[in-house]
Number of protein chains: 2
Amino acid sequence: MRNNFSLALKKLNLKITPKRLAILEILMKESVFLGPEEIWKKLRTRFKKIGLPTVYRNLEELAEGNIISKINHPNRQLYYYLCPNQSPHHHFICLSCHKVEDINFCILKELEEEVINNIRGKVLSHILQINGLCKECFKERKNGL
Amino acid sequence: MRNNFSLALKKLNLKITPKRLAILEILMKESVFLGPEEIWKKLRTRFKKIGLPTVYRNLEELAEGNIISKINHPNRQLYYYLCPNQSPHHHFICLSCHKVEDINFCILKELEEEVINNIRGKVLSHILQINGLCKECFKERKNGL
DNA sequence: AATTAAATAAAAATCATTTCTATTTAACAC
DNA sequence: GTGTTAAATAGAAATGATTTTTATTTAATT
Ligand SMILES: [Zn+2]
Ligand SMILES: [Zn+2]
Ligand SMILES: [Zn+2]
Ligand SMILES: [Zn+2]
């Protein structure tokens, strides 16, 4: 996987730096979305010198290059997620525990058809995200915990 | 329509203030999404005393009450839109001229089915938005204008 | 080893948004 | 209309996540 990352970074003309790889490794281990500050804290256990702006910058570049995906959180802060699933799909995020799960369909085709036929414009990007409570968090809330 | 607004505000236990109605009137006239500062500038032609925090607060309350809808802009700033279309649907926004157009389908049903069957959690909210160029802006860009 | 452009640390700035407090106003009862 | 009360507001100030800046370091290439 480290090799895949290196390859992906090469393709984007991003240098393969230890910190960049560490950010990807941290994200890869997680099934929840993480914010820049959380990632920074984890990085600081491995690097004695690492600035928060470096984390912000790298996350932005990686998202720009579609290696990681940005989460649309209601609190409007930045969160990122590295999805192992390569096929086009969308995400369910748990607002309680931050777990990300795949929604196994992508509506891009239908959307583009609609936009071409009715709006006669061009699609540049689309957001589809479901916010809710995962199985475990929903159960807990039902039980009043 | 002013009466409809008053009724809607009543239902939300929000007082019917001139400024609140003015914000709704401004948004109703527009086919583009507007930011708090743009709305504030328009309001200042009618009210000599009006604070920007009042605009922010009101927009938030109106969005919370589903009278207006929040736009998900890539620049992550706040924008709002008052849609005349009451039926459940989603929006195409033009990143160039800020026009909002309706996408005439809502995928809430399919999403909930997927979440119930596969994720076994609860849907609290969902975002579907298409960002692109409207007919006019797309034409302009094609022509290299 | 030398070269060069990209990446980084650290400090500082930014600026959209929110909070705070004293004052005003809408809604309601009389 | 007058009085009462809770909500709304103005204005000033604070907030804090994110971005910018600049000098230094490092990855990649020769
Ligand atoms: Zn995924
Ligand atoms: Zn959860
Ligand atoms: Zn347009
Ligand atoms: Zn609409």
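Just so you know, these numbers come straight off a predicted model, no measurement behind them.
- Contact annotation: A:Thr54 reaches the phosphate of C:dA9 (side-chain N/O to OP1 or OP2, under 4.0 Å).
- Between B:Pro36 and A:Val55, the one whose closest nucleotide on DNA chain C sits nearer the 5' end is A:Val55.
- At least one side-chain nitrogen or oxygen of B:Asn58 sits closer than 4.0 Å to the OP1 or OP2 atom of D:dT9.
- Between B:Leu78 atom CG and C:dT18 atom C1' the separation is 11 Å, expressed in whole Å.
- A close approach under 4.0 Å does not occur between any side-chain nitrogen or oxygen of A:Arg76 and OP1 or OP2 of D:dA17.
- Atom CG in B:Leu52 sits about 15 Å away from atom P in C:dC15, given to the nearest Å.
- With 3.5 Å as the limit, one finds a donor-acceptor pair spanning the side chains of A:Ser87 and A:Asn85.
- Rounded to whole angstrom, the span from the NZ atom of A:Lys11 across to the C1' atom of D:dA28 amounts to 19 Å.
- With D:dG11, C:dA11, C:dA7 as the choices, the nucleotide that has an atom nearest any side-chain atom of A:Leu14 turns out to be C:dA7.
- The residue among B:Lys15 and B:Phe47 whose nearest nucleotide of DNA chain D is located toward the 5' end is B:Lys15.
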Practice task
Report the C-alpha distance between B:Arg57 and B:Glu64 in whole Å, list the side-chain angles of each, state the deciding distance to 0.1 Å, and finish with yes or no for salt bridge (Lys or Arg N to Asp or Glu O under 4.0 Å).
Solution key: CA-CA 10 Å; B:Arg57 188 177 7 84; B:Glu64 195 56 38; over 6 Å; no
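- At the phosphate of D:dG11, OP1 or OP2 sits under 4.0 Å from a side-chain N or O atom of B:Lys49.
- D:dG16 atom C1' lies 13 Å from atom CG of A:Asn75, rounded to whole Å.
- Going from atom CD of B:Glu38 over to atom P of C:dA16 covers 12 Å, rounded to whole Å.
- Atom CG in B:Leu62 sits roughly 15 Å away from atom C1' in D:dA7 (whole-Å rounding).
- Nucleotide C:dC20 holds its P atom 14 Å from the CZ atom of B:Arg57, rounded to whole Å.
- The nucleotide whose nearest atom lies closest to any side-chain atom of A:Arg20 is, among C:dT8, C:dT18, D:dT20, C:dT8.
- For C:dT8, one of the phosphate oxygens OP1 or OP2 lies less than 4.0 angstrom from a side-chain nitrogen or oxygen of A:Thr17.
- At a cut-off of 3.5 Å, with distance as the only test, no side-chain donor of B:His126 or A:Asn131 sits close to an acceptor on the other residue.
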Exercise for the section: Determine, step by step, whether A:Phe33 and A:His73 satisfy the ring pair (Phe, Tyr, Trp, His ring centres under 6.0 Å) criterion, reporting the C-alpha distance in whole Å, the side-chain angles of both residues, the deciding distance to 0.1 Å, and the verdict. Expected result: CA-CA 10 Å; A:Phe33 58 83; A:His73 199 280; 5.7 Å; yes
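- Minimum atom distance to the side chain of B:Glu61 is reached by D:dA8, of the listed D:dA8, D:dT18, C:dA7.
- In this model, the phosphate group of C:dT17 is approached by a side-chain N or O of B:Tyr56 to a distance below 4.0 Å at OP1 or OP2.
- Taking atom CH2 on B:Trp40 and atom P on C:dA16, their separation rounds to 11 Å, with Å as the unit.
- For the pair B:Lys19 and B:Phe47, the cation sits on the ring face: its NZ or CZ lies under 6.0 Å from the ring centre, inside 45° of the axis.
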